[in-house]
Number of protein chains: 2
Amino acid sequence: MQSEQEFLRHYDSSQFPSPIVTVDSVLFTLKDGALCVLLVKRANHPQQGYWGLPGGFIDMLRDDTIYQTAMRKIVEKTGVTPAYLEQLETFSGTERDPRGWSLTTAYFALIAYQNCQTQIDDVLDAKWWSVKQIPSIKEIAFDHQHIIEKAIHRLEQKTLYSMLPVYCLPDEFTLSELQTVIETILDKPIQRKSLVRRFDASGIFEETGKFAATGSRQAKIYRKMDNVDIQNFSRNLGE
Amino acid sequence: MQSEQEFLRHYDSSQFPSPIVTVDSVLFTLKDGALCVLLVKRANHPQQGYWGLPGGFIDMLRDDTIYQTAMRKIVEKTGVTPAYLEQLETFSGTERDPRGWSLTTAYFALIAYQNCQTQIDDVLDAKWWSVKQIPSIKEIAFDHQHIIEKAIHRLEQKTLYSMLPVYCLPDEFTLSELQTVIETILDKPIQRKSLVRRFDASGIFEETGKFAATGSRQAKIYRKMDNVDIQNFSRNLGE
DNA sequence: GCAATAGTGTCTTTAAGACATTATGTA
DNA sequence: TACATAATGTCTTAAAGACACTATTGC
């Protein structure tokens, strides 16, 4: 009977056929009052010239996990590090990529527009698209339209039962700004009182002591405390 | 400039290094009042003789998507078709498989013990393990222990806000049986009244007109209606 | 009738919805 | 002072928790 060491010495994974494996990310931000997704114009075949999600192949020498692949690709294509990155779902099949049987693990990510505005404006072939105009873009690569829809749905759901949208804001923000982000994601108004109650109950925010001048009464400026995670509420908002 | 057709004609994905890609499933059932996971004794290297999740390589000729890979592997290893199958998460890294950089998309599945008892008893190298004894099994392959933990957590969460546990029951069942499944998954009692309210509100169950003789008052026997999906409640139970 | 399990009634509790009210800044 | 936006108070509502109570069966 062969030992495992013996087996591994002779094992060559490249002799087995394998699907094309990629990692793609749906990066969201809030820009001009609209929820936006970053798309990159594809420089190479296949689907050259089409708009696609930032992503690409795993670099097995540099990436310890596909989380790192997702993060590396976002940094490479945009120059910025998202505030939040979470695995979404893995999409697969024979039809989704013309090169053949393929599999992509999609991530979704959040960033404050203020934290990436200049870097992304520098990248000519990267562009923020409002999620409302996405369905009208004909030249979206592969099944990325479908992936974006799934990501939007996940973001909406998490917005109903967590404070995740803070990651669309800069380090310091007012409650009204948070409310605006949430309402933009959900595409409907929410009760400020409900937000305040959750904000207080979460215990993850602290006052900076500063105030924002908004043209009328000044708003308290808060920040999320360091090293605290976003936890879930046991009910959904708005239903 | 090269056309996409030209590009695809010369494209050979096998010339690029690729991680080892597999699909694994965490199949749950309720057996002897305990939530159990199916593990299969590994016949081949690596980790020969260890207990692992039912799964394996994608067969690109037979599987249209990895969902089908997951389903096919469960059927091959157990002879039964799970009542429910959902993608869990994709796990990746250099360390998790001794053969090298690997990636596995994990699914989680539910089945009624009554619907698979005989088939699985026939399979000598497949065994149901109570989730409570899983941590004590030393010979679990790869990171499957970790994957099982994630699957248990997902199942618990979904049990708090949906009727998903019905898929652990046969087609016809009583409310008390459903309550028992839920309490076993959550490992704590729930209010029967709360269950009844959700059961009624869901609108996805119907009376069969039959009754179960339990030694005392007979219980109504229900079934899930055909072609209806499990929807989510906007609150969690038990908190 | 008694024990056991099935099923209902109803009061309490929790957290969100609605919206009026008060507070504080700028013009 | 008027106005705008920030922040709070408080009543209502929705759905879960608690638990008592009734119903039906086998013995």
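Quick note on labels: first sequence line is chain A, next is B, and so on, each numbered from 1. The structure presented is a predicted model; accordingly, all values stated were derived computationally and were not measured.
Between A/Ser216 and B/Ala213, the one whose closest nucleotide on DNA chain D sits nearer the 5' end is A/Ser216. Both B/Ile221 and B/Gly215 lie close to DNA chain C; mapped to their nearest nucleotides by heavy-atom distance, the more 5′-ward contact belongs to B/Gly215.
Remark: P of C/dA16 and CG of A/Leu160 are 12 Å apart, rounded to the nearest angstrom. A/Leu195 has its CG atom 17 Å from the P atom of D/dT5, to the nearest Å. Whole-Å rounding puts the A/Leu186 CG to C/dG17 P distance at 11 Å. In this structure, A/Phe233 places its CZ atom 22 Å from P of D/dA14, rounding to the nearest Å. One atom, CG of A/Leu237, and another, P of C/dA18, lie 11 Å apart when rounded to the nearest Å. We find that CG of B/Asn236 is positioned 14 Å from C1' of C/dT14, with the value rounded to whole Å. Straight-line distance from the NZ atom of A/Lys220 to the C1' atom of C/dT24: 12 Å, rounded to whole Å. When the P atom of C/dG7 is taken as reference, atom CG of B/Asp200 falls 11 Å away, rounded to whole Å.
Salt-bridge check for B/Lys132 with B/Asp187: passed, with a basic side-chain N closer than 4.0 Å to an acidic carboxylate O. Using a 4.0 Å cut-off between charged side-chain N and carboxylate O, B/Glu86 and B/Arg154 make a salt bridge. Between B/Arg223 and B/Asp171, none of the side-chain N atoms (NZ, or NE/NH1/NH2) sits under 4.0 Å from a carboxylate O, so this pair counts as no salt bridge. Salt-bridge formation is not detected for the pair B/Lys188/B/Glu183: no Lys NZ or Arg NE/NH1/NH2 atom is positioned less than 4.0 Å from an Asp or Glu carboxylate oxygen.
For the residue pair A/Thr105 and A/Thr90, a side-chain donor N or O sits within less than 3.5 Å of a side-chain acceptor on the partner.
The base of C/dA16 does not come close enough to the side chain of A/Arg235 for any donor and acceptor atom to sit less than 3.5 Å apart. For B/Arg217 against C/dA4, a side-chain-to-base donor-acceptor contact under 3.5 Å is absent.
Side-chain proximity of A/Arg197 to C/dG17, D/dG17, D/dT8: nearest is C/dG17. For B/Gln191, taking side-chain heavy atoms from C-beta onward, the closest of the listed nucleotides D/dA6, D/dA16, D/dC19 is D/dC19. Considering only side-chain atoms of B/Arg192, the nucleotide from C/dT5, C/dG17, C/dA6 that sits closest is C/dA6. Residue A/Lys193 has its side chain nearest to D/dG9 when only C/dA16, D/dG9, D/dA16 are considered. Residue B/Leu175 has its side chain nearest to C/dG7 when only C/dG7, D/dA7, C/dA4 are considered. Each of C/dG9, C/dG17, C/dT26 was ranked by its minimum atom distance to the side chain of A/Gln218; first place goes to C/dT26.
Counting any heavy atom pair closer than 4.0 Å across all strands shown, B/Ser176 reaches sugar-phosphate atoms only and no base atom.
Phosphate contact (OP1/OP2 of D/dA16, side-chain N/O of B/Arg198, threshold under 4.0 Å): present.
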